[in-house]
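Take a look at the structure below.
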Amino acid sequence: MAKRRVRFTFEPQLIKEPVIYRLGQEFRLVTNIRMADVDEDVGWVVLELEGEPAEIDRGIAWAEQQGVRVDPALGDVVEG
Amino acid sequence: MSFETALRCRECGREYPLMPIYSCEFCFGPLEVAYDYDAIREATSRDRIAAGPTTLWRYAELLPCDPAYRVDLGTGFTPLLRADRLARAIGLDTLWLKNDTVNPTWSFKDRVVSVAIARAREFGFEAMACASTGNLANSVAAHAAHAGMAAYVFIPHDLEEGKVVGSAVYGPTLVMVEGSYDDVNRLCSEVAGTRPWAFVNINVRPYYAEGSRTLAFEVAEQLGWRAPDRCVAPMASGSLFTKIWKGFQELHKVGLLDTAPHTRMSGAQAAGSSPIATAFKHGTFNFVPQKPNTIARSLAIGNPADGYYALKVMEETGGGAELATDDEIVAGMRLLAETEGIFAETAGGVTIACLKRLVESGAIRRDEETVAFITGGGLKTIEALADKLTPAVRVPANAAAFDLALAEHRTLVGAGAAGGA
Ligand SMILES: Cc1ncc(COP(=O)(O)O)c(C=O)c1O
Ligand SMILES: [Zn+2]
């Protein structure tokens with residue numbers, strides 16, 4: 001089992017979609033939400049995904065297909 | 001003697017022991033070093049600092065590492081230059097340039113790496129690592145070499161040559177990652193979790209980031225222990241920007257500044273990588289990550305770790321943010337070089353271009369005493385200037401040909417540019 005901390009960014013039209021609920025239902029993943037903020041323009045959620053590494057990859061790829069932007073939870077690891 | 005007491009979550013305030021960790025187990029917020037400011041107040045003084053080394057180690061009491069472990073290439077205490085010609089060109093009364101191009105690997109990253117590597121040695125790490133678009137890579141490689149440590153340096157495969165060579169020369173394990181910027185990010189997050197390395201911007205990030213505060217310490221000391229009205233600094237992750245403000249506040253907390261700083265903080269980004277500046281202009285703290293595309297590779301961070309905190313600093317100080325196009329960046333590099341004799345990399349062009357915009361728009365008033373942070377040297381990014389400079393006068397080696405060529409050159413570029421007779 002692995003854990004990955006990610007930040008999901010939602011465009012306005014996606015904010016009402018139950019993407020995180022479906023991640024937990026349709027993949028063998030436990031989703032664990034820690035921080036979130038949503039306003040009119042954009043919403044973001046910081047969460048941990050727990051499961052087999054390949055399943056985490058599949059889940060993230062699916063979320064991206066739905067139009068969610070997925071980034072490392074604490075920002076980019078690459079620096080200037 | 002050092003005075004850090006714990007790591008504290010910036011979101012929920014929970015405290016953790018001083019370990020190589022960076023994120024809160026409870027809320028996943030970032031951790032920051034906490035200090036015993038009363039003890040620092042007792043231990044330090046303006047005189048004591050003045051008698052210290054002419055490097056950032058003169059502020060050892062304020063750094064979260066034991067100076068006994070320092071790896072000292074001579075970083076810091078860089079010049080604060082009065083820039084009257086540039087000030088006049090852009091319409092300011094008083095402008096200072098903090099010239100961090102003169103650090104050992106020619107960027108301000110030597111400050112953060114100095115603290116990171118000292119702390120890493122204290123923790124017992126034998127290898128340093130980082131993921132970088134160049135400047136951080138150069139600095140990690142150099143400091144590891146000086147300390148005799150192994151270095152693992154991850155860079156995108158398409159960096160400027162100066163930045164590649166500027167890492168390779170120190171003999172690190174240099175990893176050029178193929179694929180997109182996101183691919184580099186993903187690989188490094190994965191690798192960092194599995195190797196026993198001090199990843200400067202991951203597991204030792206809370207200590208590393210504190211090194212940028214020395215810019216504020218130096219500016220305040222160089223101004224005669226006061227803070228300026230305005231700072232303009234470039235933003236990638238936003239860490240440098242937030243830590244300059246933190247540094248001024250801390251100087252007041254420990255009694256080195258008599259009055260609370262009133263400095264307004266303005267951040268500068270490249271238009272092609274501007275999640276923070278764009279959020280500021282939209283009046284929101286929720287920045288939208290971007291796919292960076294700019295000649296300012298050192299600022300090309302799409303999902304800035306400290307973006308939210310940078311926006312908070314702007315709000316708290318009455319500052320703001322600006323962005324500059326690639327053409328303006330080049331113009332900014334040239335303006336800085338031609339008026340003040342400082343050759344900065346693209347990030348310096350971003351800072352000067354944004355400063356110019358901020359003055360023109362009235363966001364910075366002309367009577368505000370302003371400090372602009374020039375954070376990296378120009379020889380690393382000469383590609384940005386290709387075909388953008390006044391061509392040289394090319395002559396056969398005889399005086400008559402020279403006279404003729406000079407006359408021609410003057411009509412071409414204008415007598416002003418060619419200079420006096
Ligand atoms: C030259 C230069 N200036 C400024 C920055 C911005 O630093 P930060 O990520 O702390 O915002 C960087 C690196 O990221 C840099 O290389
Ligand atoms: Zn927390």
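Excluded from the calculations below are hydrogen atoms, water molecules and symmetry mates; all remaining heavy atoms, backbone and side chain alike, are included. Reminder, nothing fancy here: chain letters follow the sequence lines and each chain counts from 1.
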request  = Measure B/Glu345 against the heavy atoms of chain A and call it side chain, backbone, both or neither at under 4.5 Å.
outcome  = neither
inquiry  = Which atoms of B/Phe287 are under 4.5 Å from chain A, going by heavy atoms: the side chain, the backbone, both sets, or neither?
reply    = both
key: Part of A/Ile33 within contact of chain B (heavy atom distance under 4.5 Å)   = neither
request  = Identify which of B/Asn185, B/Thr284, B/Val288, B/Thr133 forms the greatest number of heavy-atom pairs closer than 4.5 Å to chain A.
outcome  = B/Asn185
request  = Let me know if B/Cys24 has heavy atoms under 4.5 Å from chain A in its side chain, its backbone, both or neither.
outcome  = backbone
query = Residues of residues 62-75 of chain A under 4.5 Å from chain B (heavy atom pairs)?
reply = A/Arg69, A/Asp71, A/Pro72, A/Leu74, A/Gly75
ask   = Is there a side-chain contact between B/Lys109 and A/Glu79, using heavy atoms and a 4.5 Å cut-off?
value = yes
remark   = Whatever's closer than 4.5 Å to a heavy atom in chain A on B/Ile202 counts as side chain
Member of B/Ser189, B/Ser237, B/Cys130 meeting the side chain to side chain contact (heavy atoms under 4.5 Å, CB included) criterion with A/Val77 = B/Ser189
Between OH on residue B/Tyr308 and CH2 on residue A/Trp44, distance to nearest 0.5 Å = 7.5 Å
task = Check whether B/Tyr22 gets within reach of chain A through its side chain, its backbone, both or neither, counting any heavy atom under 4.5 Å.
result = both
inquiry  = Would you say that B/Tyr181 contacts A/Asp76 through its side chain, given a criterion of any heavy-atom pair below 4.5 Å between the two side chains?
reply    = yes
